[in-house]
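Let me begin by presenting the structure, written as structure tokens, before commenting on it.
Chain naming here is simple, since letters A, B, ... match the order of the sequence lines and numbering starts at 1 in each.
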Protein chains: 2
Amino acid sequence: MHEMNIGQAASQSGVNAKMIRHYEAIGLIKPAKRTGSGYRIYNDIDVHTMRFVKQARNLGFSIGQIKALLGLWQNQRRSSRKVKELALSHIQELDERIREMQEIKHTLAHLVHHCHGDDRPDCPILDSLAQAHAGKQTGIPKKNSKRNLTHYTRRIG
Amino acid sequence: MHEMNIGQAASQSGVNAKMIRHYEAIGLIKPAKRTGSGYRIYNDIDVHTMRFVKQARNLGFSIGQIKALLGLWQNQRRSSRKVKELALSHIQELDERIREMQEIKHTLAHLVHHCHGDDRPDCPILDSLAQAHAGKQTGIPKKNSKRNLTHYTRRIG
DNA sequence: CTTGACCTTCCCATGATGGGAAGGTCTAGA
DNA sequence: TCTAGACCTTCCCATCATGGGAAGGTCAAG
């Protein structure tokens, strides 16, 4: 069983030392054993765990999700159903975000398409941003609000 | 010229009061005039500016980009070229992120496809995360490093 | 013994947003 | 005129994952 300092564990796992300490601090990985002088010591199993974490991060799982995945990984009596559910839910999140970004992208592409992009100031992109449809002045009053939408005149100074 | 407090400006612009103060603090919008008692006062032009910011945020522009867009918007001698460049660069960022997320999504979808998702523990998703190809132990030494990859034995405790 | 690579903890920063406390201001209504 | 309560102020803290950097201790090699 190869024992090593945090730097080597970092090199071998792909998780840098700063993050290893952080993951320990937030409870994602177990507190490392220490030498008499306080240095953290890791073994190959620890490195394997860190690689798992790294891989999961690379796939965009959040720390919370990784905590769950680690639990399942280390649980011999897990059901693959749980794992699949986690992964599917992550895929759904990704889908949602991809969809939003594509929508934005298409809107922008449309605007860009209509912008001359020359020395003149006229620009449909700015015009679109300046359009007035962002307000909430719909006339629907907020609950428990007497003054919020009232147009009282004010004495300044 | 309709003058109003921050709450009404928030309602009319869609940017909440907290964020209006924040935008002022970071220099995105001008410091508001104040009443004698310190209340911020806004007019319709300010609200228009806030809506512009809101719209740009809705399109995913960063605060920095919005600062630039606001400058262009308020500059009569702007060239639409600059605006188009900004928008195109944002589109590129979006594309990049979308591409990354789709890659992740496809990887995950592939893994999910091969996972039974039943009561048994066997799970290709976990197997994949646990795969060892995340390390940096390629034998390529770091610059200025004498000890980083040396396998010195250690006295523990 | 010195060098310097490595380790420790602690604080701070990012970007955009928000919660909440403590306290002051304003207007409507009794 | 007083009071209720909606509204405003500033200040601090939290999120999420990551990292920079300071101050100081440890270790192995020369």
Side-chain angles (χ1 to χ4, degrees), chain A residues 3-11 14-29 31-42 53-54 56-67 93 97 141-157, chain B residues 3-11 14-29 31-42 53-54 56-67 93 97 141-157:
Chain A
E3 296 199 309
M4 66 197 98
N5 283 340
I6 199 170
Q8 204 181 352
S11 284
V15 179
N16 73 37
K18 204 95 184 182
M19 291 312 297
I20 293 175
R21 295 193 195 96
H22 178 62
Y23 289 158
E24 177 183 311
I26 63 175
L28 182 61
I29 61 180
K33 283 184 301 184
R34 304 288 188 123
T35 67
S37 58
Y39 281 24
R40 287 174 179 81
I41 38 182
Y42 298 98
V53 172
K54 179 72 175 179
R57 284 295 302 143
N58 285 345
L59 289 181
F61 284 101
S62 71
I63 299 294
Q65 289 171 320
I66 296 175
K67 215 172 281 196
E93 294 165 22
R97 285 199 282 156
K142 281 205 235 168
K143 284 181 208 165
N144 302 326
S145 172
K146 282 183 194 167
R147 289 174 57 210
N148 187 41
L149 295 176
T150 63
H151 43 82
Y152 57 97
T153 47
R154 117 154 358 273
R155 161 186 50 84
I156 299 169
Chain B
E3 296 201 311
M4 66 197 97
N5 283 341
I6 198 170
Q8 204 181 352
S11 284
V15 180
N16 74 37
K18 205 94 185 185
M19 291 312 297
I20 294 176
R21 293 191 196 99
H22 178 63
Y23 289 158
E24 178 182 310
I26 64 176
L28 182 62
I29 61 179
K33 284 183 299 184
R34 304 288 188 121
T35 66
S37 57
Y39 281 23
R40 287 174 180 80
I41 38 182
Y42 299 98
V53 172
K54 179 71 176 181
R57 284 295 303 144
N58 285 346
L59 289 181
F61 285 100
S62 71
I63 299 295
Q65 289 171 319
I66 296 174
K67 216 172 280 196
E93 294 164 22
R97 286 199 280 155
K142 280 206 237 168
K143 285 181 207 165
N144 302 325
S145 173
K146 282 185 197 167
R147 288 174 56 212
N148 187 42
L149 294 178
T150 62
H151 45 83
Y152 58 95
T153 46
R154 121 154 354 272
R155 162 184 50 84
I156 300 170

B/S37 side chain near D/dC8 phosphate (N/O to OP1/OP2, under 4.0 Å): no
Listed partners of A/Y23 passing ring pair (Phe, Tyr, Trp, His ring centres under 6.0 Å), at least two apart: none
Sugar-phosphate only, base, or nothing, as touched by B/Y23 at under 4.0 Å among non-hydrogen atoms: sugar-phosphate
Pairing residues for B/R40 by the salt bridge (Lys or Arg N to Asp or Glu O under 4.0 Å) criterion, not counting sequence neighbours: B/E24
Touch class at under 4.0 angstrom, heavy-atom based, for B/R21 against every strand present: base
Most 5' of A/A17 and B/F61 on DNA chain C, judged by nearest nucleotide: A/A17
Nearest-nucleotide 5' precedence on DNA chain C, B/G64 against A/G38: A/G38
Whole-Å gap separating C1' (C/dA16) and NZ (B/K18): 13 Å
Whole angstrom value for the distance that separates P of D/dC16 from CD1 of A/I66: 13 Å
Whole angstrom value for the distance that separates P of C/dG18 from CD1 of B/I26: 13 Å
Shortest non-hydrogen separation from A/A10 to A/A17 and the atoms involved: CB-N, 3.7 Å
Heavy-atom pair with the smallest gap, counting every atom of B/R21 and B/I6: CG-CD1, 3.6 Å
Nearest-Å distance for atom pair CD/P, residues A/E24 and C/dC10: 12 Å
D/dC8 phosphate, OP1 or OP2, under 4.0 Å from B/R40 side-chain N/O: no
Between P of D/dA6 and OH of B/Y39, the distance in whole Å: 14 Å
D/dT18 phosphate, OP1 or OP2, under 4.0 Å from A/N16 side-chain N/O: no
Rounded interatomic separation in angstrom, taking CD1 from B/I63 and P from C/dG15: 10 Å
End axis versus end axis in the helix from C/dC1-D/dG30 to C/dA30-D/dT1, the angle rounded to 10°, five pairs used at each terminus: 30°
Closest non-hydrogen atom pair, A/V15 against A/I20: O-CD1, 3.5 Å
Distance test, side-chain N/O of A/R34 to OP1/OP2 of D/dT26, below 4.0 Å: no
Separation of atom CZ in B/R57 from atom C1' in C/dG15, rounded to whole Å: 8 Å
Donor-acceptor pair, side chain of A/N5 and main chain of A/G7, under 3.5 angstrom: no
Distance, rounded to the nearest Å, where A/I20 contributes CD1 and D/dA17 contributes C1': 15 Å
Check against side-chain contact (heavy atoms from CB on, under 4.5 Å), A/Q65 and A/E93: CA-CA 12 Å; A/Q65 289 171 320; A/E93 294 165 22; 3.2 Å; yes
Below 4.0 Å: OP1/OP2 of C/dG15 and any side-chain N or O of B/S62: no
